[in-house]
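Below you'll find the structure, written out as C-alpha cells, and then a few comments.
Model, not experiment: these values are computed from the prediction.
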Amino acid sequence: MALIRRNTAGRYKNSYVGFLWHLLMPALMIVVLTITFTYIRPRPLEDFWVYLSAGMFPVTFISSCLRGKAIVQNAKYITKMNIPRELVVISSVLTEFLTVVFAYMVIIIVILLSGQYVNWSGALMLPVELFLMLIFSLGCAYLISTVTVFINDVGYFMTIAMRLVIWITPTFFLASEAKGILATIVWYNPFTYYVEVFHDILYYGTFPHVEYLVMSVILAVAMFTIGSYVFFKYEKKFPEVL
C-alpha cells in the first residue's frame, strides 16, 4: 500500500487536480472520440459514449501494464532496499487498476441515472472480469518489466506499440464490422476478449458470451504463468544489471 500511495502521490506532485488526472485523461479522450465518431460515422451507434467507455478503460489499463517501466523506474528500490521485488510490479499495476475500478463505478452510476437497462446477472460478472483482467495484466507487467531490465529498447517499443493497440481493438468500432485482415488481427488481439465482455455487460446489457469469458480465463492463467516464471527466474539479477 505504501508503494501504491507513493506511485500516486509522486505522479501528481504539485498538481491541483491530483489523482483525478488519472481518470480525466481517458475521459477526455472518450469525449473527443464520441463527438468525432458520432458525426463522421455513417451509421452512428446509439449511446456511443457507453460503448466507448466500456472498452476504453480496459485498453488503457492493460496498455499501461505492458509498457514495462515498473522495475526500471524503481531501480533505486531494487538496488538499495531489501524488499520483495515483485511488490514493485504489483504496486505499479494496482495503482493503474484503481483507476479502472473507479471509472466503472462512475459509468455504472451514470447508466443507472440515465435509465438504461441493466442485466443484473451479467453485471455480477463485472468484478469477475475485472479480476481476470488484473491477473492478465499483472502477468504482462511481470514479463515485459523483466525483459526491459535487460533490453531497454523493449520498453520504448511497447510504449509506441500500445498507442497503436486502440486502433486494432474494438473500442470505437464493432468487432463484427472488422473485415478481412483486420478481423483476423482483432480476434488474435487478447485485448478484444476483455473489451467485448465489458461491452456485453455495460453496453448490450446481456450476460457475457461464454467464449469471451473462457478466453479471458485462458489468457489470464497463461500470461500470469509465463510472466511469473520469467520474473522469478531472473529477478535476482536485477540489482547487478540496474
Any sub-3.5 Å donor-acceptor pair from [X]'s side-chain atoms to [Y]'s backbone N or O?
| X | Y | answer |
| --- | --- | --- |
| T171 | M56 | no |
| T169 | I166 | no |
| D200 | T206 | no |
| S145 | Y142 | no |
| N119 | G122 | yes |
| Y194 | S216 | yes |

Within a strict 4.5 Å, meaning less than it, do heavy atoms of the [X] and [Y] side chains meet?
| X | Y | answer |
| --- | --- | --- |
| V149 | Y234 | no |
| L213 | F207 | yes |
| V186 | N189 | no |
| Y51 | L174 | yes |
| L130 | F97 | yes |

Look up atom [atom1] in [X] and atom [atom2] in [Y], then write down how far apart they are to the nearest 0.5 Å.
| X | Y | atom1 | atom2 | answer |
| --- | --- | --- | --- | --- |
| H209 | E196 | NE2 | CD | 8.5 Å |
| T148 | Q73 | OG1 | CD | 10.0 Å |
| T146 | R85 | OG1 | CZ | 11.0 Å |
| S92 | I71 | OG | CD1 | 9.0 Å |
| L143 | C65 | CG | SG | 12.5 Å |
| S137 | F61 | OG | CZ | 4.0 Å |

Grab the two heavy atoms, one from [X] and one from [Y], that are nearest each other, plus how far apart they are.
| X | Y | value |
| --- | --- | --- |
| P170 | H199 | O-CE1, 2.8 Å |
| G68 | I144 | CA-CG2, 3.6 Å |
| V88 | A70 | CG1-O, 3.5 Å |
| F191 | V59 | CE2-O, 3.9 Å |

Given F198, which of F57, Y203, Y104 fulfils the ring-ring contact (aromatic ring centres under 6.0 Å, His included) condition? Y104
Give a yes or no on this: more than 12 heavy atoms of other residues, nucleotides or ligands lie within 6.0 Å of atom [atom1] of [X].
| X | atom1 | result |
| --- | --- | --- |
| F157 | CZ | no |
| F232 | CZ | yes |
| I181 | CD1 | no |
| F150 | CZ | yes |

Same apolar cluster (I L V M F W Y, side chains within < 4.5 Å links), [X]/[Y]:
| X | Y | result |
| --- | --- | --- |
| I109 | L52 | no |
| L66 | I160 | no |
| L164 | V154 | no |
| I168 | F173 | no |
| I62 | I185 | no |

Please lay out, stage by stage, how V214 and E211 fare under the test side chain to side chain contact (heavy atoms under 4.5 Å, CB included). CA-CA 5 Å; V214 171; E211 57 265 37; 5.6 Å; no
Step by step, would you call L132 with L219 a side chain to side chain contact (heavy atoms under 4.5 Å, CB included)? CA-CA 9 Å; L132 291 173; L219 288 167; over 6 Å; no
Should F131 and I135 be marked as a side chain to side chain contact (heavy atoms under 4.5 Å, CB included) after you check the CA-CA gap, both sets of side-chain angles, and the distance that decides it? CA-CA 6 Å; F131 176 74; I135 297 301; 3.8 Å; yes
Output, in order, the C-alpha distance, side-chain angles, deciding distance and verdict of ring pair (Phe, Tyr, Trp, His ring centres under 6.0 Å) for F224 and F136. CA-CA 6 Å; F224 184 78; F136 172 78; over 10 Å; no
